[in-house]
Structure formats: structure tokens, C-alpha cells
Amino acid sequence: MTTLCCPKRYKKADLKTLYKDRWQIEINIRHIKTTLGMDVLSCRTPEKVEKEIWIYLLAYNLIRILMAQSAAHSGCLPNQLSFKHAAQLWLAWGRHAQVDDDDSWIALLTAISQKRVGNRPGRIESRQRKRRPKPFLCLKKPGKAASEYVIKYGHEKSLPLNSVPFGYIPRC
């Protein structure tokens, strides 16, 4: 669906190319949120949340640079390589390798280039939420107080709906 309706000004092939580019952008956003784990932020203050987002973006860009170097080393395009595979190898390599070791660096680039993603033209996915709400209530008080409550009264399943304790709200 588009608002670019003039067929003389906007060619059908250009719109198809634009849609494919949009799809790549959505995949990249999914990598930042899901693959790197940014779907749930852990910081509590706005300043720290901003720092956390910047750290995720920095990690994403470092992995993309690594994928670009690996692609240049192996003669393929960076989008043909698996982002998750590259992230996992980079983390494992960082724990065990010497940073100034050229042989281990080349081995890392070679290993990253071995896992390719398939070319799936025309792929369409529905725009629906994949995360299902959990059947538990949200915890809105300190863990120790919640634990003491469970010891004293049992889990919330055993409570009648009208006696849900203060500090618990249903998950949306």
C-alpha cells in the first residue's frame, strides 16, 4: 500500500525496490531488538536507558563492521552473512583469542563468512505480535517482599481475583 499513486512519476519497479529496502531495514531493527536482546531494557532512569540504547547500537555497528570485513575477505556481500552467527563468534573469539594475533583474526573472519543466509525474494511475514502475554501478574514491589508474601499466602493463582495484593497488576 502506498500514497505514491502517480504511475508516470513513480514506476512500479522503483516501488518494488523501495519495499525490498524497507524489508532489510526491518530485519536490521529485529537484529538490534531481538538478537542483541534490546527488546527489554533493564535500566531505570532515562539517562541510563539512553546509554543502554547507545551501547546496543555500538555493538550492532561493531558486528556489522566485522561482517563487512568478513564479506570483503570471502568475496560476498555483508547481507549474505548471518548476523547472529557473527555475534556469537565475535563473543567467543573475544573471550579466548589474543587481540593482536593475525591468524586468529583471519580465522574469525573465515568462520563468520561460512554461515550464509538464504536469498528469499518476495518473502512476506504478517505484522502481528509474536510475543504472547504471560499468564503471571507483574511484580511491582521488591523481590524480597514478594517472596515473603508468597511464603505467607502462597502464589497468586491460589488467591481469589478480588484479593490480589497491592503492588501486583495484571500483565498487559
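By convention here, the first residue in the shown sequence is residue 1.
The CZ atom of Arg30 lies 12.5 Å from the CG atom of Asp39; values are rounded to the nearest 0.5 Å. One distance of note links CD of Gln114 with OG of Ser74; it measures 9.5 Å at 0.5 Å rounding. Here Lys51 contributes atom NZ and Thr45 contributes atom OG1; the two are 8.0 Å apart, rounded to the nearest 0.5 Å. To the nearest 0.5 Å, the span separating NZ on Lys11 from OG1 on Thr17 amounts to 13.5 Å. With values rounded to the nearest 0.5 angstrom, Arg64 atom CZ is found 4.5 Å from Asn28 atom CG. The distance from the CH2 atom of Trp90 to the CZ atom of Arg95 is 11.0 Å, given to the nearest 0.5 Å.
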Please test Arg22 against Glu26 for salt bridge (Lys or Arg N to Asp or Glu O under 4.0 Å), starting from the C-alpha separation and ending with a verdict.
CA-CA 6 Å; Arg22 186 190 130 264; Glu26 287 195 18; 2.7 Å; yes

Assess whether side chain to side chain contact (heavy atoms under 4.5 Å, CB included) is satisfied between Ile63 and His31, documenting all intermediate values.
CA-CA 11 Å; Ile63 294 167; His31 285 315; over 6 Å; no

Side chain to side chain contact (heavy atoms under 4.5 Å, CB included) evaluation trace for Leu57 with Ile53:
CA-CA 6 Å; Leu57 293 176; Ile53 290 170; 4.1 Å; yes

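Side-chain atoms of Tyr56 come within 3.5 Å of backbone N or O of Gly37 as a donor-acceptor pair. Between the side chain of Ser113 and the backbone N or O of Ser70, no donor-acceptor pair lies under 3.5 Å.
By the criterion of side-chain heavy atoms lying less than 4.5 angstrom apart, applied directly or through intervening Ile, Leu, Val, Met, Phe, Trp or Tyr residues, Leu62 is grouped together with Ile112 in one hydrophobic cluster. Residues Tyr60 and Ile25 do not share a hydrophobic cluster, defined by chaining ILVMFWY side chains whose heavy atoms lie under 4.5 Å apart. Leu41 and Leu58 fall within the same hydrophobic cluster, defined by Ile, Leu, Val, Met, Phe, Trp and Tyr side-chain heavy atoms under 4.5 Å apart, directly or through other members. Hydrophobic clustering, with ILVMFWY side chains joined whenever heavy atoms are under 4.5 angstrom apart, keeps Met38 apart from Ile29.
The minimum heavy-atom distance linking Leu36 with Ile32 is given by the pair CB-O, 3.4 Å.
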Contacts table for residues 76-88: side-chain donor-acceptor under 3.5 angstrom, sequence neighbours left out:
unit_1, atom_1, unit_2, atom_2, d
Gln80, OE1, Leu77, N, 3.0
Ser82, OG, His85, N, 3.2
His85, NE2, Ala111, O, 3.1

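The residues Lys48 and Glu52 are annotated as not salt-bridged, no charged nitrogen and carboxylate oxygen being separated by less than 4.0 angstrom.
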